[in-house]
Amino acid sequence: MSLESYTYSFPIWIEFGVGTSENVGSIVEQKEWGKALLVTDPGIIDAGLLDGIEESLSATGIDFAVFEGVKPNPTVSMVEAAEALRQTEECDFVISVGGGSSMDVAKGVTLLATNPGEIADYEVKSGEDVMKGMIENDPLPLVTVPTTAGTGSEVDFWAVITDEEREFKMALGQSPLYPGGPYLGAEVSLVDPELTRSLPPRQTAATGFDAFSHALENHVSAVSPPVLTPLTTDVMARVTEYLPRAYEEGDLETREQMLFASHTAGIGENFGGFGAIHSLAEVTGGMYPEIPHGEAIAAYTPAVMRYNLEAVPERYGEVAEAMGVDVSGMSDREAAEAAVEAVEELIASVDLPAGLADLDVDEADLPGIAEKSMDTFEIHDNPRPADAEDLLDVARDAY
């Protein structure tokens, strides 16, 4: 059997390891990019996680301004406010320090700085939209420094920004469509496990399970190339082993393992599809911005797996194996069902919500969530075709 063809482009300089964030000054000094805009949130500043970045920049004479207005589930207005500050301060490049929200805002700034129009003009709803190459000009240089182990946004070519008027999370994204082509991602990523040590248990659980879900959906997606299989299986195995320990203990070893898993999953996100888990969770987050993304992901994952497993039971059987389940003697269907049970056990082990009711989602909103999910980019890559009625059944199962 021949393998599917694929294209793989990854133009990002990555440094992984304890202390790598302190290299930011020397790296950007070599690049001669000019003045930096640091994009972050108040929690990062209060935790002192920005101090080392600022010291490194100052030591090499790099001038900078700080935008600290990022909140979870970032919005168009946050991106516009950060871009306004960049213009006022005449910043030439962007450094994001934080979780996925900070990195998404930073990507929005780099995009608007060099391309015309508004953020909504670059929303992608299908693979065809991505291939149009709506981002025509290279965004400003971006350096990403993650402080959570979950989104993998430091190395992916995607951003999710909420349109407040629609209460809808827009997908923005573009990988290089030709060698040297413009893309929505970092040029440098400094992945330092030390910066994740202060992450509270609840955020550790939510962000860590988000990383697991990326690998899970990439693994079973209708469009994932074979090159991703070693990555996705490693991430699922690593998160299964280390997330409960990171949640309970939070020592540097488990932090390092979880950040590596998140980081690896982020690389995979660029080349594999997602599916109904992210479609439903992102729509829910757009309507309920107070719900952490990883918690919405956890609430939907088992129900989506139950819906999908009949389409690709063998792939879900591989999920079970990656999670350490002994599937010998099981049929593909039995192994797939064992995968669902293993995921439910992982969710319970870190006290994540078992369903939407735990997140105070109004059951009357489920039809609207299902309808809106059909407008998301991710739904097109779900391994089993789904319409709004199907997604409503899934949402009810997740309730």
Side-chain angles (χ1 to χ4, degrees), residues 6 8-17 20-21 39 74 95-108 110 130 139 142-161 171-176 183-193 195-196 199 203-204 206-219 221 223-225 227-239 242-243 246 255-275 277-278 281-282 293-294 297 322 377-378 381:
Y6 61 87
Y8 199 105
S9 177
F10 197 70
I12 303 176
W13 176 270
I14 299 169
E15 295 187 7
F16 180 97
T20 53
S21 61
V39 175
I95 301 174
S96 171
V97 183
S101 295
S102 291
M103 288 183 274
D104 285 354
V105 171
K107 289 175 184 178
T110 66
V130 175
L142 172 64
V143 179
T144 52
V145 185
T147 61
T148 65
T151 69
S153 190
E154 71 272 9
V155 289
D156 72 27
F157 307 146
W158 299 98
V160 178
I161 302 294
L172 313 173
Q174 186 169 302
S175 59
Y183 65 95
L184 190 65
E187 291 196 28
V188 175
S189 184
L190 305 176
V191 188
D192 186 346
L195 299 186
T196 69
L199 200 64
Q203 285 181 273
T204 296
T207 56
F209 191 79
D210 189 26
F212 179 89
S213 75
H214 294 159
L216 170 66
E217 287 215 291
N218 282 172
H219 191 80
S221 164
V223 298
S224 290
V227 70
L228 288 189
T229 300
L231 295 181
T232 56
T233 52
D234 180 80
V235 170
M236 289 185 288
R238 203 175 293 267
V239 173
Y242 287 101
L243 179 56
R255 297 294 190 187
E256 184 176 49
Q257 291 288 344
M258 283 303 303
L259 187 58
F260 181 76
S262 166
H263 178 66
T264 306
I267 295 172
E269 290 170 39
N270 293 315
F271 313 103
F274 284 136
I277 295 172
H278 277 77
E282 288 179 357
H293 175 66
I297 289 286
F377 172 71
E378 295 87 354
D381 296 334

Considering non-hydrogen atoms only, spot the tightest contact between R255 and L199 and give its length. NH2-O, 2.9 Å

With sequence neighbours left out, the residues meeting ring pair (Phe, Tyr, Trp, His ring centres under 6.0 Å) with H219 are none

Test item: M236 and F212 side chains (from C-beta on) under 4.5 Å apart, heavy atoms: yes

Tell me, please, which residues at least two apart from F377 pass ring pair (Phe, Tyr, Trp, His ring centres under 6.0 Å). W158

The complete set of salt bridge (Lys or Arg N to Asp or Glu O under 4.0 Å) pairs with one or both residues in residues 262-271, sequence neighbours excluded, reads none

Heavy atoms of F157 and P11 approach each other most closely as CZ-CD, 3.8 Å

According to salt bridge (charged side-chain N to carboxylate O under 4.0 Å, His left out), who are the partners of D192, at least two apart in sequence or on a separate chain? none

Ring pair (Phe, Tyr, Trp, His ring centres under 6.0 Å) partners for Y242, two or more places apart: none

Search all heavy atoms of I161 against all heavy atoms of V105 and return the closest pair with its distance. CD1-N, 4.3 Å

I need the minimum non-hydrogen distance between V155 and N270, along with the two atoms involved. O-ND2, 2.9 Å

Distance-only donor-acceptor check, side chains T144 and S96, under 3.5 Å: no

What pair of heavy atoms forms the shortest contact from I12 to A186, and how long is it? CG1-O, 3.1 Å

Rounded distance [0.5 Å steps], OG1 in T264 versus CZ in F16: 7.5 Å

Under 3.5 Å, is there a donor-acceptor pair between the H214 and D210 side chains? yes

Hits for salt bridge (charged side-chain N to carboxylate O under 4.0 Å, His left out) against D234, two or more places apart or cross-chain, chain-then-number order -> R238

